[in-house]
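Take a look at the structure set out below.
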Amino acid sequence: MVNGFPALYIENLDLIVISDLQIGEELYLAEEKGIYVPQVQLKEMKNNLSKIFRITKAKRILINGDYKYEFGEASRQEWREVIELTNFLKRKVREIILVRGNHDNYLLTITSKIGLNVYDPYYLENGFLFTHGHKKIEYPKNFHTLIIGHEEPAIVLKEGFDRIKVPVLLYGKMKNGKNIICLPAFSTLSSGTEINLIDKEEILSPILREDVDIDELNVVAIDREVGALNFGKLKNLRI
């Protein structure tokens, strides 16, 4: 983890990994739900990414699905902000890797204009397998660690009438013995799936539902003030 940010740094790949940016959500909330929030998410993401690059000195980044928010054709905000963020990243790193997520319909229309390749359904490098996590894939033989997003995991902690919800990273073993990591959302608007409150059948990712005993995964809370906090196994956090 990188200093409490919802991002991984894989040192031997010199690679930052983030997931679920969901650019353009503010416009969707305004036009479809009548909920008006300031359009500041892109500014916050760029600020956070600048700090991450300053800490790690990384020259590569992988976005593990859901670069944009709308399921359908890209909105005008998505067009503008995907291009702006991509240009920002091009000034920071020498390689940008995109893995397609379930929100990324029509993403190819944008990326073809700005010269980025999109990997679907996964990207594999030196045994690290990256897929968004919204659908099952045929696993290649030569991977040792699977990294997914999609679930946007969070936990609810409570004492008395006090409740707090925090984003978390999950890690542990798959049923096949391989390592797995599930990233929290990089989006600053994501509320996240309350994984210690819902039944296993309600888990969004079929990979987490079927290929993992999710209760045996370790939970690491992400907090910018104190960094990463290991809460142990999910089974001990169920409310």
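Side chains included, hydrogens not; waters and symmetry mates left out as well; all remaining heavy atoms used. Residues: numbered from 1 along the sequence shown. Note that the structure is predicted; figures quoted are calculated from it, not measured.
A salt bridge is defined here as a Lys NZ or Arg NE, NH1 or NH2 lying under 4.0 Å from an Asp or Glu carboxylate O, and R60 with E125 meets this definition. Between E216 and K173, none of the side-chain N atoms (NZ, or NE/NH1/NH2) sits under 4.0 Å from a carboxylate O, so this pair counts as no salt bridge.
Looking at S205, its side chain does come within 3.5 Å of a backbone N or O of I207 through a donor-acceptor pair. Side chain of K175 to backbone of E210: a donor-acceptor contact under 3.5 angstrom is found. Under the 3.5 Å distance criterion, the side-chain polar atoms of T131 are matched with a main-chain donor or acceptor of P121. A donor-acceptor contact shorter than 3.5 Å is absent between the side chain of D215 and the backbone of L234. In this structure a side-chain-to-backbone donor-acceptor pair under 3.5 Å is present from K165 to G192. Judged by distance alone, with hydrogens and angles left aside, the side-chain atoms of N64 form no donor-acceptor pair with the main-chain N or O of V99 at under 3.5 Å. Side chain of D199 to main chain of E202: no donor-acceptor pair is present (N/O by atom type, distance under 3.5 Å, no hydrogens or angles). No donor-acceptor distance shorter than 3.5 angstrom exists from the side chain of H134 to the backbone of H150, with no hydrogens or angles considered. Without hydrogens or angle criteria, T145 side chain to I180 main chain gives no donor-acceptor distance under 3.5 Å. In this structure, E81 contributes its side chain and I23 its backbone to no donor-acceptor pair below 3.5 Å.
Partner of E84 under the salt bridge (charged side-chain N to carboxylate O under 4.0 Å, His left out) criterion, chosen from R91, K46, K43: K46.
Y9 and D14 are linked by a side-chain donor-acceptor pair at a separation below 3.5 angstrom, with hydrogens and angles left out of the test. If you check the side chains of T188 and E44, you find a donor sitting under 3.5 Å from an acceptor.
Contact detail for R209 and I203: the closest heavy-atom pair is NH1-O, 2.7 Å. Nearest heavy-atom pair across S19 and G149 is OG-CA, 3.4 Å.
In the displayed structure, K158 atom NZ is contacted under 6.0 Å by at most 12 heavy atoms of other residues, nucleotides or ligands.
Cation-pi contact between K178 and Y139: absent, since separation from the ring centre below 6.0 Å together with deviation from the ring axis within 45° is not met. Judged by a 6.0 Å distance limit and a 45° cone about the ring axis, R100 is not positioned over the six-membered ring of Y119.
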Q: Determine, step by step, whether K59 and E95 satisfy the salt bridge (Lys or Arg N to Asp or Glu O under 4.0 Å) criterion, reporting the C-alpha distance in whole Å, the side-chain angles of both residues, the deciding distance to 0.1 Å, and the verdict.
A: CA-CA 7 Å; K59 293 301 180 185; E95 184 177 13; over 6 Å; no
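Between F128 and H144, a ring centre-to-centre spacing shorter than 6.0 Å is recorded.
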